[in-house]
Amino acid sequence: MESLHIEFQPNVKEKLLEFLNSFSKNDLKIVEENTAFEATKTILQKRLTDLRAGKADLISIDDYEKIINKE
């Protein structure tokens, strides 16, 4: 299955959904946009950039386990 991202004005949403719902559920699946995904993606991209630039503070698994076991 392929995906397509469509941006539209709010006033056409009802007509667009009516048209899309005329297709079989096997042919078309409507997936609502997840804004949390985009926010998380941005945060992770920044962390990856920092990591690649040597700006990230890294700790070993042993040190991490010591930190979480103190709490």
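What you see is a predicted model, and the numbers here were worked out from it, not measured in a lab.
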Apart from [X] itself, what residues make up its hydrophobic cluster, given side-chain heavy atom links below 4.5 Å?
X	value
I6	L4, F8, V12, L16, L17, F19, L20, F23, L28, I30
M1	none
V31	none

### Value rounded to 0.5 Å, distance of NZ in K66 from OG in S60
7.0 Å

### Task
Calculate, to the nearest 0.5 Å, the distance between atoms CD and OG1 belonging to E38 and T35 respectively.
8.5 Å

### Query
Can you list every pair that meets salt bridge (Lys or Arg N to Asp or Glu O under 4.0 Å) and has a residue in residues 13-27, with sequence neighbours left out?
none

### Task
For I61, look at atom CD1 and say whether over 12 heavy atoms of other residues, nucleotides or ligands are found less than 6.0 Å away.
no

### Task
Identify, with sequence neighbours excluded, every residue that meets side chain to side chain contact (heavy atoms under 4.5 Å, CB included) alongside I59.
D63, Y64, I67

### Message
Holding to side chain to side chain donor-acceptor pair (under 3.5 Å), I want the full list of residues that pass it with K46, two or more places apart in sequence or in another chain.
### Response
D50

